[in-house]
Amino acid sequence: MSCRRRTLIGCVSLLLFFVVLAVVFTQRYRGLTEALWNQTRSIGIHETRNNQQLLGYMARFLAHLSRNPATGLYDFEAAGRQAKGTVEQGMLAYHMGDFGTAINAFETALSSDGESTELVFWLAISYMRHGESVNALNTDRPGRLHLEDSENQPPSLGDPILRQAMTTLPITVPHSDPSSTRRAINLFENLLEGQSDDKLLLWLLNYCYMNLGEFPDGVPERYRIKGAFIDSFYGKAFDQSDSQHADLAFVDRGHELGVDTFDAGKGAAVEDFDGDGDLDIITGGNFDPIRFYTNEGGTHFIERTKEAGLGEIGQVHIMTAADYDNDGWMDVFVGRPFPNYLLLHNLGDGTFEETTQSSGLLDGWLDDEVSFTWGSAWGDIDNDGDLDLFIARWGMRIPLLGGPLSQPYRHSHLFVNDGGHFSERTFELGVGEYVKDRGIIGVAFGDYDNDGWIDLFLSGLAARTSFLFRNIEGQRFEVVERHESGFMAAFVDLDHDGQLEIYQGGFTDGRTSAEGTVFSESASNLGGYSAILQRSPDGSFVRNADYFGGSLPIPTMGCSYGDLDNDGCLDFYLGTGNPEGWTVVPNLMFRGKRNGSQCITETDHITMLEGFGTIQKGHGIVFFDFDDDGDQDVFSSLGGMWQGDRWPNQFFVNEGDNSNNWVKIRLRGRETNRFGLGARITVNAVSEDNKPIVRTYSMDHKTGFGSAPYLAHIGLFDAVSIRDIEVYWPASGCRATYLAQLNALNLLDEAQCE
């Protein structure tokens, strides 16, 4: 046989080998293959590369997590002890929040191995975070805490007022110890010598100068950034916004109220869990224990975690409150990243009992399965009076080398409730084929077509894996629209016309975030932008990213909405971030706009005001009136995916002096579920000059990371009286009309339909 022929046979054999390998990979990782293909078609090469780096980053460090027998949580402790080489040690120390150790490891690697762009970059962001911790938290090791720690608090968190001023754009108090931040500046400038057009490096460099109080004049002119985003915090646009919104007044009182939990913040659920009429808080973090705070008459909160029987629960990712058994006490669903999720039954005596197994939510569960739960939503899909549950999960197979996601794990599931016991019916109801081997992040129920049956929206992390389903009389769901990628989602009526829009959060990588948010560069990846899906004339939903100022709100993780000034026009607070350690984007607040008393589908960007623009990663957000003074306050759970993202939570107390009126409504369902989830409320009010003011409200728990109370707080602007309130009760199909008192809490009972 000739050499040429042997070479040809070898080439053909090699080609066949790779074809077979590709076919096997495609079959085993069908969801991932589809996601990569859709992503390539939907976005540009630049954004595709950035997003792939983000996913690679996530996979790399998720693979280092293992279960810690001392705490029962997954963390980096074992990986840190077994790390090979100083670079790996430094990276793991960084993710554990031990920035001093990370710096030492990277400096050692530089001395022994020489410079590389990646190593210098990691050293730069380690110095940046170290400077932040030393100055704002008064500690250089904020992340290495354990579940068994009595208070899960470092020795000192620093002064809360100074902390906010140091870490909120615009930064008004510079670092008192500038050494680490100055070193970060030197390293970023060295990197920029060869990459002067790198937008991420430029932003991080300018951010460091902000930390030292030297922005903009102290920044070398060739690196100084300008533009609309910068002007909104440090230019004339800030002064204009400050003047235009002078009626707002919020103060972060999380520390004095006792709820500034220091954790890798994730979920937060607000409800009256103890039945005393005050709204309580349950929260927790990715590497931390759950916390239960009872509201003591609107004056302060007291932690009662252990007394409530919740002291052994950790690794909290998301949570939603609901009375799943209609006994009048609010229960809690807790989704976790790797251990199985939990259903906590409220016993009504101040304690909770886990009923995950007995309720049927773990039927068919395998011992080695994990459940990376990203979202949950409650709704009565068959109008039988029981609340059903959709659990959104990372259900996509990915070729990890190790870690918890290399174990078998489940796709998203729809559970139907029958008298407090759940049956999994995902495929039977027509949803299974759309969630199998896919990463579903956000989920929301809402009756978008007003036919009396709540519909379903699923938000997927990959391009074109978000779906709008129509509920066919409680018997099945059918897909009516397919949308781009996104994060958390909710149905919401922005203009009070009785037609629901859809909020969909955006998600993208840190580099694209800097380019889009700071530099206002237009990206082709529409899924990376938070948006409102609005009705078009033909009835379909069309993405409107301009609702939030176009390129600003990326990437969004936690989010919720409420009414800062009781004008009835919804305001949105978007918690930003992603797993990458270099994602530095402020949480973003947008104020709803109106024309007269009529709310319109536009917002003003007001992040730069009242301390809202923290650069710490944001998750669970809830608007609620904790002190019952008639205006809504805002709880914000801060922290990200890793131990090193821990940060004290914030609680913005509303101290504004607005004269707008309002009404609060609690529903009492009879045929409909106990708290009226899914009911539609229409408030017909009258202004002093006898003009009608109409506000609508769909009873739900808002978006995934922040579960809002089932207590409608509806702003009525300058209304002087309420003519009536109409409630559509979905289980009975009844429309009842009620009289109600202005500026008061009103209990509306479905019994009036009888």
Measure from the ring center of [X] to the ring center of [Y] and say whether it is less than 6.0 Å.
X      : Y      : answer
Trp374 : Phe487 : yes
Trp203 : Phe519 : no
His317 : Phe372 : yes
Phe76  : His64  : no
Phe121 : Trp582 : yes

Any residue meeting ring-ring contact (aromatic ring centres under 6.0 Å, His included) with [X], in chain and number order, not counting sequence neighbours:
X      : result
Phe422 : Tyr324
His483 : none
Phe352 : Phe292

Note to self: If you apply the rule side-chain hydrogen bond (donor to acceptor under 3.5 Å, both in side chains), what do you find for Asn587 with Thr614, and how did you get there?
What the structure shows: CA-CA 6 Å; Asn587 288 358; Thr614 176; 5.5 Å; no

Contacts of type side chain to side chain contact (heavy atoms under 4.5 Å, CB included), residue [X], not counting sequence neighbours:
X      : value
Glu118 : Arg60, Met91, Ser116, Trp122
Ala377 : Val443, Phe445, His701
Ala102 : Ala93, Tyr94, Phe106, Ser126
Glu424 : His413, Phe415, Thr426

Checklist line | Salt bridge Asp263-Arg646, side-chain N to carboxylate O under 4.0 Å | finding: no

For [X], all residues meeting side chain to side chain donor-acceptor pair (under 3.5 Å), sequence neighbours excluded:
X      : answer
Glu132 : Arg129, Tyr207, Gln616
Thr283 : none
Thr86  : none
Lys702 : Tyr697

Check: Between Leu638 and His619, is any pair of side-chain heavy atoms under 4.5 Å apart?
Finding: no

Margin query: Is there a side-chain hydrogen bond (donor to acceptor under 3.5 Å, both in side chains) between Thr583 and Asn578? Walk through the geometry before answering.
Written below: CA-CA 7 Å; Thr583 300; Asn578 68 29; 2.7 Å; yes

Notebook entry, point to check: Do Ser560 and Thr703 have side-chain atoms, one donor and one acceptor, less than 3.5 Å apart?
Noted result: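 No, Thr703 and Ser560 have no side-chain donor paired with an acceptor closer than 3.5 Å.
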
Notebook entry, point to check: What are the two closest heavy atoms between Ala78 and Ser66, and how far apart are they?
Noted result: CB-OG, 3.5 Å

Note to self: Tell me whether the count of non-hydrogen atoms from other residues, nucleotides or ligands lying under 6.0 Å of CD in Glu115 goes above 12.
What the structure shows: no

Next item on the list: Not counting sequence neighbours, which residues clear salt bridge (Lys or Arg N to Asp or Glu O under 4.0 Å) with Glu107? List them please.
Entry: Arg183

